[in-house]
Amino acid sequence: MKSIHLKRAVWLALVLLLAIQSTPADDSATAPASASKFLLRVNSTNQVYEFFQPWIKKPPFSRRGIGALIDGDRILVTAELVANSTFIELEKPATAEKSAATVERIDYDCNLAVLRPADPAFLAGMQPLALNGPLKVGDEATILQLEPNGDIAQTLGRITSISVAGYPSESGSLLLFKLGAPLQQRDGSFTLPAVRDGRLIGMLMRYDARNQSADIIPTAVIRHFLAEVNSPTYQGFARLGLAFAPLRDPQLRRYIGLKEPGSIYVTDITPRGSADAAGIKKGDVILAVDGLPLDQDGNYNDPDYGRILFSHLTNTIKHPGAVLPLKILRDGQTLEIPVTMQVANPDHAISETHLSDEAPKYLILGGLVFIELSRPYLKEWGSKWASNAPQRLVYYDAFQNELPADRGRIIILSQVLPTPDTIGYEDLENIVVTKVNGQPIKSLADLSEAAQKPLKGFHKIEFEEDPKLLFLDAASIQSNADELKKHYSLPALERL
Amino acid sequence: MTRFPLTALAFLCTVAALNAMEISKSLVRIEATSQEPNYKTPWSPGDVSSGVGAGFVVDGKRIMTNAHVVSNARFLTVSKEGDPNPYLAKVLHIAHDCDLALLSIENPAFFKSTVPLEFGGIPDIESVVSAYGYPVGGTRLSVTRGIVSRIDFQPYSHSGMDSHLAIQIDAAINPGNSGGPVMQNGKVVGVAFQGYSGDIAQNVGYMIPTPVIQRFLKDVQDGHYDHYVDLALTYRNLFNPASRRALSLEDETTGVQVCSVYSGGAADGIMKPGDVILKIDGHTVSSDGTIPLENEAVPLDEVVERKFKGDKVELEILRDGKPMALTVPLNEPWPFKLQSNLYDEKPRFVVAGGLVFQPVDQNFMDAHDPSDQRLNYIFDYFIADQLHTNRPEIVVLSNILPDPANAYAEEFRYSVVDEVNSQRIKRIEDIATAFDEQTDYYVIKFAGGGRPLVLERKAIEEARPRIRERYNVAAERNLKK
């Protein structure tokens with residue numbers, strides 16, 4: 001109790017301080033003093049792997065954003081700002097004093113990261129920003145930016161919508177605020193804090209200049225992230241692991257004999273996800289989650305945000321390990337099924353949606369380049385990757401839940417580096433491997449292992465599509481391996 | 001790399017002009033009025049358009065032209081040089097897979113002063129040819145002259161899916177040249193049919209060579225066009241030393257590796273992936289898949305190209321290192337043609353409760369251009385992944401004519417129908433049959449297993465007259481091509 005009182009006292013002090021200093025908002029003489037208390041410029045140099053040639057990185061580029069100092073000497077930024085970072089630098093706005101920083105924790109699901117300066121003394125004299133409580137549609141908030149001289153630039157906006165929506169990692173949806181504000185582009189990115197009454201209401205992550213609308217990661221998500229950061233083992237955001245369709249259609253409701261109001265229809269189950277492990281099936285009708293009835297679009301009544309999608313409850317309010325009862329209608333029977341909320345295991349994915357900060361795996365056999373299918377690989381085809389990339393690969397990525405649960409990773413012969421061993425194969429690209437030397441291939445590790453056991457001196461490689469079958473001379477590629485490495489400047493012939 | 005079918009010809013010099021004088025007794029100008037069905041509103045008869053192409057008189061009081069000149073034709077007239085009268089014409093035979101057609105003229109007086117042209121062989125590379133027709137830039141006969149640049153297999157853009165022997169010439173060939181004869185030494189050595197459009201290439205025109213023309217003429221001798229027959233397999237070069245040794249090929253032996261053998265095709269059950277084709281009908285197959293034929297290296301397919309339904313192909317192969325002799329009977333043409341452009345066919349569809357169901361083919365995809373990833377995969381890989389073994393036709397919910405009966409169906413647009421009332425939907429006819437059943441509910445399940453779409457019979461029946469009138473649905477179903 002005591003500590004709570006203490007915290008409140010600090011908050012009150014801070015609010016008071018800010019109130020005084022933000023009154024003459026246009027007075028540049030007073031603004032920097034407050035800004036420098038909790039804002040830091042964050043300059044991140046990032047380097048992304050070239051998925052077409054996974055042994056090299058693309059040229060480095062830099063992103064600039066503004067981080068907010070929060071409790072525990074941490075600087076809160078978006079994950080996107082520091083994704084694939086090779087060097088991060090913090091800069092005090094007024095003095096341009098700099099310190100290198102490291103990522104303490106990054107979570108692409110919620111697009112958040114916390115940084116720490118290499119030198120803890122760097123933060124001396126600064127004051128952490130407290131987190132605000134829930135907001136409502138129509139509430140005002142201020143986006144903070146910095147002038148070149150370190151002065152604070154404020155843009156007032158209004159919350160226009162609060163909903164559960166997709167985050168950049170594409171791995172799921174979380175609570176999102178939309179803030180209408182005429183923002184000017186000042187820094188390299190839109191990683192900017194938004195405040196109200198001197199407290200952080202969220203981190204800006206995207207800005208749509210045409211509609212003057214900013215996407216903000218709200219404090220509900222930030223609090224969940226920080227609670228996980230402070231826990232002994234970071235787990236992140238759990239997922240129910242299902243897709244659903246609204247049950248608005250009265251003809252469908254009559255057909256399935258649904259008497260209760262609301263409810264949703266389960267259309268897809270992620271293999272080995274929380275719902276799958278609990279025995280939820282496609283075709284189940286979910287009436288209530290954790291005792292809270294769902295409306296026909298899947299919304300429940302949240303005490304803070306009103307009618308909002310149930311996944312806010314399951315993913316953000318609840319932490320991994322929580323057990324939630326789901327009220328289900330199946331074959332006319334009402335069941336109560338407890339679901340233990342789990343974080344999605346990337347190892348279970350057939351095609352990973354996100355691979356930041358991770359070196360992509362590859363294996364080169366005699367000049368044939370093998371990789372694992374992933375969304376980042378498909379995205380190398382550019383913004384229209386879904387229509388430009390090979391449709392078989394796009395299909396496997398999009399509908400991976402429908403593939404057999406033991407399908408494993410999809411291994412692709414992505415390209416051929418021409419060598420004397422690959423004569424006649426130069427045109428092969430993006431074809432899916434099924435077997436190597438008779439062994440089914442479900443990972444690059446499988447492929448590496450199978451490549452140790454050639455058949456009668458040949459590597460026999462089989463594909464789902466044409467040419468269906470090809471051979472390599474095992475002894476020849478072994479003796480040519482160094483030459484291949486040297487010739488194409490390959491650091492290694494595999495990274496598993 | 002878009003190719004355009006041509007629809008016309010021009011005088012180049014005096015030599016050509018002399019030929020032109022003679023040829024004017026054989027050359028005709030074809031005016032075609034055609035009606036292309038609309039695959040978005042399949043019950044409507046479609047838009048009417050007209051075009052001009054060339055043709056020439058051949059043996060048997062017939063006129064030869066390109067299939068694309070007279071496709072979807074509703075009204076055809078033919079006129080000849082020095083005779084201002086248009087004569088009514090009819091399509092006698094049309095072969096969309098090789099872009100050739102034969103026309104007949106109702107009035108026998110038309111042929112009184114005409115001279116049928118004779119066919120030559122394959123012209124030599126670099127030899128001079130003249131192309132005749134009615135290309136854009138005027139209405140009278142035109143001649144252009146050029147040389148034979150290349151003889152090769154080429155995709156025929158009219159069907160979009162078939163490849164045959166074609167001869168590239170550098171004579172200017174433009175829209176309106178289509179169907180016109182390309183002559184050498186007084187004989188037809190080809191029919192002009194396509195070229196390149198845009199800035200990619202200049203002076204690249206293609207003609208259909210006489211082996212393809214002769215095959216067409218022979219095929220229709222029985223009064224019916226049977227289409228090309230095909231081994232329905234894919235093969236690949238065998239240049240790689242490791243692959244050659246692994247497949248037991250001696251140093252001097254040549255051949256190609258069989259990749260896929262399509263189920264339902266001629267070679268299904270006879271050939272296997274990994275077989276090596278050494279000889280086809282006695283012709284030695286080189287490692288790039290060509291055989292020597294009439295002093296030219298042509299793809300081994302040319303042997304099958306010249307055959308007819310009911311013929312056989314003799315193959316010498318290596319399987320697991322052992323030589324074998326196989327015979328492949330060519331009984332039926334490849335049945336799954338949904339990826340080629342289709343002509344002279346009516347769109348098939350069923351409308352029920354304002355939901356429009358259609359089988360998917362190239363015409364459908366061109367008209368709708370759906371961005372549905374599942375549908376695009378199923379269409380693109382229909383043959384390669386042998387998806388036709390599960391469903392001979394891809395039936396989709398193509399459109400929703402909004403009505404209270406189907407107020408919640410929009411999310412299913414372009415979804416592939418798997419089942420209606422637990423009946424597998426393999427063809428558009430199955431949809432018609434399913435909706436003919438008298439049940440309280442019609443439960444439609446789509447590929448991917450999302451929620452079912454449920455329509456109550458009562459709601460459909462109430463909506464029926466309303467939808468027919470509001471959306472001007474002239475017919476609720478057509479199941480005939």
Side-chain angles (χ1 to χ4, degrees), chain A residues 243-256 264-269 282-283 285 366 386-387 390-399 401-402 420-428 455-477, chain B residues 233-247 256-261 272-275 287-288 353 369 371-381 384-385 404-409 411-412 440-443 445-460:
Chain A
F244 69 91
L247 268 174
R248 293 183 204 153
D249 186 348
Q251 296 186 86
L252 176 61
R253 296 179 70 89
R254 284 195 287 273
Y255 171 71
I256 57 178
I264 53 172
Y265 189 97
V266 177
T267 57
D268 194 18
I269 298 277
K282 271 189 187 186
V285 172
S387 47
Q391 286 301 294
R392 181 199 299 274
L393 303 183
V394 172
Y395 175 80
Y396 279 150
D397 176 67
F399 302 107
N401 285 355
E402 295 171 22
D421 292 311
T422 61
I423 285 175
Y425 303 154
E426 298 84 356
D427 59 324
L428 299 178
L455 304 172
K456 295 178 190 161
F458 295 109
H459 290 303
K460 181 184 182 188
I461 303 171
E462 293 171 72
F463 303 97
E464 260 181 20
E465 54 207 298
D466 288 358
K468 295 274 185 187
L469 176 70
L470 64 76
F471 295 91
L472 292 172
D473 184 320
S476 171
I477 63 167
Chain B
L233 55 76
T234 58
Y235 62 85
R236 194 178 159 78
N237 75 61
L238 265 178
F239 299 139
N240 189 271
S243 273
R244 291 174 53 85
R245 277 188 290 121
L247 296 169
V256 290
Q257 174 189 329
V258 174
C259 299
S260 296
V261 181
K272 283 184 180 173
D275 285 352
S287 293
D288 65 353
D369 194 18
S371 57
D372 187 90
Q373 282 177 359
R374 186 191 302 277
L375 177 55
N376 287 342
Y377 163 75
I378 294 178
F379 183 74
D380 287 358
Y381 288 87
D385 283 2
N406 57 41
Y408 298 92
E411 67 190 271
F412 297 105
D440 291 345
Y441 292 100
Y442 296 98
V443 182
K445 290 190 178 159
F446 297 94
R451 80 166 171 95
L453 174 58
V454 175
L455 293 184
E456 288 165 333
R457 184 155 61 99
K458 202 163 47 110
I460 295 183

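Here is how names work: the chains are called A, B, and so on, in the same order as the sequence lines, proteins then strands, and each is numbered from 1.
Other residues, nucleotides and ligands contribute at most 12 non-hydrogen atoms within 6.0 Å of the NZ atom of B/Lys445.
Proximity to chain B is limited to the side chain of A/Phe458, based on heavy atoms less than 4.5 angstrom apart. For A/Ser476, no part lies near chain B; criterion is any non-hydrogen pair under 4.5 Å. When heavy atoms are compared at a cutoff of 4.5 Å, A/Asn401 does not approach chain B at all.
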A/Tyr425 and B/Ser243: side chain to side chain contact (heavy atoms under 4.5 Å, CB included), yes or no, with the steps?
CA-CA 10 Å; A/Tyr425 303 154; B/Ser243 273; 2.4 Å; yes

Take B/Tyr381 and A/Glu465 through the test side chain to side chain contact (heavy atoms under 4.5 Å, CB included) and record every step on the way to the result.
CA-CA 10 Å; B/Tyr381 288 87; A/Glu465 54 207 298; 4.1 Å; yes

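The distance from atom CD1 of A/Ile423 to atom CZ of B/Arg244, rounded to the nearest 0.5 Å, is 11.5 Å. B/Leu238 CG to A/Leu470 CG: the interatomic distance, rounded to the nearest 0.5 Å, is 10.5 Å. To the nearest 0.5 Å, atoms CG (B/Leu453) and CG (A/Leu252) are separated by 8.5 Å. Atom OH of residue B/Tyr441 and atom CD of residue A/Gln251 lie 8.5 Å apart, to the nearest 0.5 angstrom.
If you tally non-hydrogen atom pairs under 4.5 Å between each of A/Leu428, A/Val266, A/Leu455, A/Leu247 and chain B, the highest count goes to A/Leu428. Taking chain A as the reference chain and counting heavy-atom pairs below 4.5 Å, the highest number among B/Gly274, B/Ala407, B/Gly448, B/Pro273 is found for B/Gly448. Each of B/Ser287, B/Ala409, B/Ser260, B/Ser371 has some count of heavy-atom pairs under 4.5 Å with chain A, and the biggest count is that of B/Ser260.
The nearest pair of heavy atoms linking B/Gly449 to A/Lys282 is O-CD, 3.8 Å. Nearest heavy atom pair, residue A/Ala245 against residue B/Glu411, reads CB-OE1, 4.4 Å.
A salt bridge links B/Asp385 with A/Arg392: the distance from a Lys NZ or Arg NE/NH1/NH2 to an Asp or Glu carboxylate oxygen falls below 4.0 Å. The pair B/Arg236-A/Asp466 fails the salt-bridge criterion, with no side-chain N (NZ, NE, NH1 or NH2) lying under 4.0 Å from an Asp/Glu carboxylate O.
Judged by distance alone, the side chain of B/Asp380 and the main-chain N or O of A/Gln391 form no donor-acceptor pair under 3.5 Å. Formation of a donor-acceptor pair under 3.5 Å by the A/Asp249 side chain with backbone atoms of B/Tyr408 is not found in this model. Side chain of B/Gln257 to backbone of A/Leu469: a donor-acceptor contact under 3.5 angstrom is found.
A heavy-atom distance below 4.5 Å is not found between the side chains of B/Tyr377 and A/Val394. Contact of the A/Phe471 side chain with the B/Arg245 side chain is not registered, since no non-hydrogen atoms from C-beta on lie closer than 4.5 Å.
Every residue was checked against the salt bridge (charged side-chain N to carboxylate O under 4.0 Å, His left out) condition with A/Asp268, not counting sequence neighbours, and none meets it.
Judged by a 6.0 Å distance limit and a 45° cone about the ring axis, B/Arg374 is positioned over the six-membered ring of A/Phe399.
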